[in-house]
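Worksheet: one structure, shown below.
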2 protein chains.
Amino acid sequence: MTKPTEPANAIQPSLEEADAALRVFVGYNMKRAFHTVQGDVTASLTPLGLRMLTFSALSVIVSNAGLRQSHLADALAIERPNLVLLVDELERADLITRDRAKDDRRAYSLNPTEKGIALCRRAEQTVLDHDRRMTRDLTPAERSGLISALQSIENVLNREDRDD
Amino acid sequence: MTKPTEPANAIQPSLEEADAALRVFVGYNMKRAFHTVQGDVTASLTPLGLRMLTFSALSVIVSNAGLRQSHLADALAIERPNLVLLVDELERADLITRDRAKDDRRAYSLNPTEKGIALCRRAEQTVLDHDRRMTRDLTPAERSGLISALQSIENVLNREDRDD
DNA sequence: TATTGTTATACTCTATAACTATA
DNA sequence: TATAGTTATAGAGTATAACAATA
């Protein structure tokens, strides 16, 4: 029964189901769904000159005016060096300003411009619309269950990592 | 009320909640959860010499012996060029063989070796264990609800993209 | 002409190490 | 010494365009 060491020219199962064995894993389904979502959200945001990551950064700055780059990095769970070009990009687009913190001349205080706030509102609407479309086959309960399940997984793994 | 154009040295909200505005979006929660999961699964697979992507490819080949590279690309939803080095890697590790298809000398038939099959079984167990751990705060119903919600989103977006 | 696999190339996101200027 | 931001660099994962061999 177990002799597939030799080349086989097997009957191809339906190509749409060739990954059936992987579909039992939550992680694989997350990867597939996220990949699709990211591409789609990025396409929605392109007309606004944003990507998923720049939108996220802008949104956090708008909601937390005055925060420092290192705080932004913590909020987005990315490393500080990766923020430099990202913040440069937002600054160059006049969406935020980088102001020296009064109490600590090493640090920057990140603040949205009027233009940044306006664009953020539009982008939030765009992403919200997209979110609604992509979850349109889900009931409200299923949608909120999805969010809390994702957060549960994130929390369980972060707790595990911290306890190492 | 809307005058945050000037630098603010705002009171920092709890840093853990600085992304609260983004948490309402399914896509953002997917991104955060997936990023954590991918890092964690990769760490689990490293002792076996695999990553999430190489595991996925190996698993599809084991479950569909004889399939072609282009079919593998379709199954994993990645572009053909990106498979070349991936398949090279699996071949070099003696996990699969690349055999010329008898009926089409342009194509390769991908087949797992005994070693590849054995490693795949071990890796599947590893990923399954990881999946169970990370969903341990979910009920079975919540876990299967999560999987079907992710698939629903993937399907909705793919349907939309096809109808463009 | 169309398709299979390939090469070359590039872009996005992420990570680590080491530097600078402050503290 | 330690911290904030930076530079340099590297490694995954993905994408497109163009090519050779074959259909």
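Only this structure's heavy atoms are used, side chains among them; waters, hydrogens and symmetry mates stay out. Just so it is clear: chains get the letters A, B, ... in the order the sequence lines come, proteins before strands, and each one is counted from 1.
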Open item on the list: A cation-pi test, strictly: NZ or CZ of Arg68(A) under 6.0 Å from the centre of the six-membered ring of Tyr108(A) and no more than 45 degrees from its axis. Yes or no?
Closed with: no
Nearest-angstrom distance from the residue atom [atom1] of [X] to [atom2] of [N]:
| X | N | atom1 | atom2 | value |
| --- | --- | --- | --- | --- |
| Leu83(A) | dT16(C) | CG | C1' | 15 Å |
| Arg98(B) | dG5(C) | CZ | P | 9 Å |
| Ile96(B) | dG5(C) | CD1 | P | 12 Å |
| Leu67(B) | dT4(C) | CG | C1' | 13 Å |
| Asp103(A) | dT3(D) | CG | P | 16 Å |
| Leu110(B) | dG5(C) | CG | P | 8 Å |
| Arg105(B) | dT3(C) | CZ | C1' | 15 Å |
| Asp104(B) | dG5(C) | CG | C1' | 11 Å |

Side-chain heavy-atom pair [X], [Y] within 4.5 angstrom cut-off:
| X | Y | result |
| --- | --- | --- |
| Val127(A) | Leu22(B) | no |
| Thr36(B) | Met30(A) | no |
| Arg133(B) | Ser44(B) | yes |
| Val60(A) | His71(A) | no |
| Leu86(B) | Asn82(B) | no |

Open item on the list: For a quick test of reading the model: is some side-chain N or O of Ser70(B) closer than 4.0 Å to OP1 or OP2 of dG5(C)?
Closed with: yes
TODO: Say whether, by atom type as modelled, one donor and one acceptor occur between the side chain of Ser109(A) and the main chain of Arg100(A) under 3.5 angstrom.
DONE: no
TODO: Just report the end-to-end axis angle for the helix from dT1(C)-dA23(D) to dA23(C)-dT1(D), five pairs per end, to 10 degrees.
DONE: 10°
Open item on the list: Show the nearest heavy-atom pair for residues Gln151(B) and Asn29(A), with the distance to one decimal.
Closed with: NE2-OD1, 2.8 Å
Task: Any donor-acceptor N/O pair under 3.5 Å between dT3(C) base and Arg106(B) side chain - done: yes
- [ ] If a protein heavy atom is under 4.0 Å from the base, mark B; if only from the sugar-phosphate, S; if neither, -; do that for nucleotides 8-15 of chain D going 5' to 3'.
- [x] B---SSBB
Task: Sidechain N-carboxylate O distance under 4.0 Å for Arg121(A), Glu124(A) - done: yes
